**Student:** 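First the structure, then my questions, so here it is.
What you see is a predicted model; the values in this text were computed from it and never measured. Here is how names work: the chains are called A, B, and so on, in the same order as the sequence lines, proteins then strands, and each is numbered from 1.
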There are 2 protein chains.
Amino acid sequence: MEETIEEKQHTAWIISVGNELLIGRIVNTNASWLAEQLTLLGYKVERIITVPDNEDDIAEEVGRGYTRAGIIITTGGLGPTYDDMTLSGVAKAFGLPLELNPDAVSMVKNFYSSRGLELTEDRIKMAYLPRGAKPLRNTVGAAPGSLLEINNVLIISLPGVPSEMKTIFLEEVKPILEKRVPKRAIIECGIVARKVPESGLAPYLKKLAKKYPTVYLKSHPKGHELSSPILDIRVLASSRTLQEAKELATKILSELENYVSELGGEIRERHCRSQD
Amino acid sequence: MEETIEEKQHTAWIISVGNELLIGRIVNTNASWLAEQLTLLGYKVERIITVPDNEDDIAEEVGRGYTRAGIIITTGGLGPTYDDMTLSGVAKAFGLPLELNPDAVSMVKNFYSSRGLELTEDRIKMAYLPRGAKPLRNTVGAAPGSLLEINNVLIISLPGVPSEMKTIFLEEVKPILEKRVPKRAIIECGIVARKVPESGLAPYLKKLAKKYPTVYLKSHPKGHELSSPILDIRVLASSRTLQEAKELATKILSELENYVSELGGEIRERHCRSQD
């Protein structure tokens, strides 16, 4: 379980805050959206953890993430209500006080004053950040995000409303994350195989996974396992250039297609997607 | 953070296993479905954790859950392929070996033989369970679930394919979980309030949350916060009988509606749902 410093830098944790997720009222689409963004930027997401609206639980998981990841992103719990306590949980994880941040006050004040409204006590609450954190501008809502850097680990807190979370991520966070990791090109390719059950292909996938340890390889059964097996097989390859990543993925797909043919299966389609 | 034994018994952790979740290809609908089921059965879901297809990560989180929860449910990683390693992770968490379970062998064998297929090495892999675990019958797929009980903590492992996960949960797991907790009736009621911004209602929600600490109370902004505020406000109340839970929820909703009226807001609808 030892990790080099470089591996830690490339590792990301996502911490979703909210009882509404834990009672199953809401599906955690924020986490999957962030996970895809981080993956395409070259980060390895190691945990997605949903915690209750509770300072101790938030502090516990942020504290664990801090020892393992270079980037921790929290979502939810930044609003004005009594149970929005993400930033007090983040502060607690590092023994920091929450402080009224002047830049955050301006942001919140501007948001309300441009709409003819006063700063009430509950609205000002959104401008309290852990000491040393910077506010992240929210161009579509009231609550600023928060960026705290401790010993080269970034703890980024975003709102739970998807449109606000995505906007702050794309406008404020993504440019920072792009600078922190050497740009890697990532490509995901897939084939759909028919007439080969997953359990039949399993030993071949094992071989390929051993041969190409840096590549992520996975089969997903789509049709019924035996009566009409359809397998969606994916290869996620990364390299310094898109050309290299593509060559690697293509090579593996070709070997995979040979195995499928040997087993009497059929290939239905081959498709790839990359970020650029 | 001290918990009584009874609280631990009522606490559930959900551990989702799978790289496909961590790269954002798949949204974790299994976890929200299970979270809702557990909540309606009277359990408090304290964590939903997604981990990679890696024995150490699975063992780590299962081990943590064991000290905190009465029920741990894992999803994913029970199939025949090389990266299906949930049960070896569960076994590792408790220092147990994986053993070929005779009942599980029968289940897997029946599944394949009824379709005219042999038991290959990769198919038999699905019949290895942690020592002491019982297989849970899967009537819609090949891989049995696993139920391991250690010191009155249940570690339940279900497949990742949603139809199989749901079927095993409803047919095999739910009856067991119902017996373990005193039946509690749960009701969720909500109102939609217009013309009151969330930040305006926040201090009133805080008051109500303090007055009724056992009730889960939450507001979700739906329209734009200020130009056309629409708030979806929910109350989740539980009690020994549905009648009592309903009375509690109704009382709180009425107080809430009074606050909304005081603030010049409008109530659009009131709705409730309960399990029975």
Side-chain angles (χ1 to χ4, degrees), chain A residues 1 16 19-29 31-39 44-52 56-57 79-83 112 115 117 120-123 141-142 161 188 197-203 205-206 209 216-221 225-227 234 236, chain B residues 1 16 19-29 31-39 44-52 56-57 79-83 112 115 117 120-123 141-142 161 188 197-203 205-206 209 216-221 225-227 234 236:
Chain A
M1 305 263 287
S16 308
N19 292 339
E20 67 276 21
L21 294 161
L22 294 169
I23 64 172
R25 180 178 330 122
I26 292 182
V27 175
N28 198 352
T29 54
S32 52
W33 187 87
L34 279 173
E36 181 169 43
Q37 290 286 324
L38 291 166
T39 301
K44 189 181 160 200
V45 179
E46 191 187 73
R47 288 286 187 287
I48 298 172
I49 303 184
T50 304
V51 296
D56 287 330
D57 288 300
T81 64
Y82 75 99
D83 60 348
Y112 286 104
R115 288 154 179 91
L117 286 160
T120 63
E121 192 190 321
D122 289 280
R123 289 169 187 157
V161 177
E188 191 189 52
E198 188 178 31
S199 54
L201 196 64
L205 282 177
K206 196 192 282 178
Y216 168 69
L217 204 57
K218 180 80 187 167
S219 62
H220 299 274
E225 152 83 347
L226 295 170
S227 57
R234 305 285 182 109
L236 186 79
Chain B
M1 305 264 288
S16 308
N19 293 340
E20 66 277 21
L21 293 161
L22 293 169
I23 64 171
R25 180 175 331 118
I26 291 181
V27 176
N28 197 352
T29 53
S32 51
W33 187 88
L34 279 173
E36 181 169 42
Q37 290 286 324
L38 291 166
T39 301
K44 189 182 160 196
V45 179
E46 192 186 71
R47 287 287 187 284
I48 298 172
I49 302 184
T50 304
V51 296
D56 287 329
D57 287 302
T81 63
Y82 75 98
D83 61 347
Y112 286 104
R115 288 153 177 90
L117 287 159
T120 63
E121 192 190 320
D122 288 279
R123 288 168 187 159
V161 177
E188 190 189 52
E198 190 179 29
S199 54
L201 196 65
L205 283 177
K206 195 191 283 176
Y216 168 69
L217 202 59
K218 181 80 185 166
S219 62
H220 299 274
E225 152 83 349
L226 295 171
S227 58
R234 305 285 184 109
L236 186 79

**Student:** Restricting to non-hydrogen atoms, name the atom on B:Ala202 and the atom on A:Pro80 that form the minimum distance, rounded to 0.1 Å.
**Tutor:**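 In terms of heavy atoms, the two residues are closest at CB-O, 3.6 Å.
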**Student:** Locate the shortest heavy-atom distance separating A:Thr39 from B:Leu22; write the atom from each residue and the value.
**Tutor:**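 Minimum heavy-atom contact is OG1-O, 3.7 Å.
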**Student:** Taking every heavy-atom pair that is under 4.5 Å apart, which of B:Thr81, B:Leu236, B:Asp122 has the most such pairs with chain A?
**Tutor:**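 Of B:Thr81, B:Leu236, B:Asp122, B:Asp122 has the most heavy-atom pairs under 4.5 Å with chain A.
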**Student:** Which pair of heavy atoms, one from B:Ile26 and one from A:Ser32, lies closest together, and at what distance?
**Tutor:**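 Minimum heavy-atom contact is O-CB, 3.9 Å.
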**Student:** Report yes if some heavy atom in the side chain of B:Arg47 is under 4.5 Å from a heavy atom in the side chain of A:Thr50; otherwise report no.
**Tutor:**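 No; the side chains remain at least 4.5 Å from each other.
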**Student:** Is chain A contacted by the side chain of B:Leu205, its backbone, both, or neither, given a heavy-atom distance below 4.5 Å?
**Tutor:**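 B:Leu205 touches chain A through backbone and side-chain heavy atoms alike.
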**Student:** What residue in A:Leu38, A:Val161, A:Val51 has the most heavy-atom pairs under 4.5 Å with chain B?
**Tutor:**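 If we count pairs closer than 4.5 Å to chain B, A:Val51 comes out on top.
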**Student:** Not counting sequence neighbours, which residues clear side chain to side chain donor-acceptor pair (under 3.5 Å) with B:Ser219? List them please.
**Tutor:**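 Counting only residues at least two positions away or on another chain, B:Ser219 forms a side chain to side chain donor-acceptor pair (under 3.5 Å) with B:Glu198.
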**Student:** At what distance, to the nearest 0.5 angstrom, does CG of B:Asp83 lie from CG of A:Leu217?
**Tutor:**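 Spacing of CG (B:Asp83) from CG (A:Leu217) equals 8.0 Å.
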**Student:** What verdict does the side chain to side chain contact (heavy atoms under 4.5 Å, CB included) test give for A:Glu36 and B:Ile23, after you've listed the backbone C-alpha separation in whole Å, the side-chain angles of each residue and the deciding distance to 0.1 Å?
**Tutor:** CA-CA 5 Å; A:Glu36 181 169 43; B:Ile23 64 171; over 6 Å; no
**Student:** Are side-chain heavy atoms of A:Pro197 and B:Arg123 found at a separation under 4.5 Å?
**Tutor:**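 Yes; the side chains approach each other to less than 4.5 Å.
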**Student:** Holding to side chain to side chain donor-acceptor pair (under 3.5 Å), I want the full list of residues that pass it with B:Glu188, two or more places apart in sequence or in another chain.
**Tutor:**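 Once residues adjacent in sequence are excluded, the partners of B:Glu188 under the side chain to side chain donor-acceptor pair (under 3.5 Å) criterion are A:Arg25, B:Arg234, B:Arg273.
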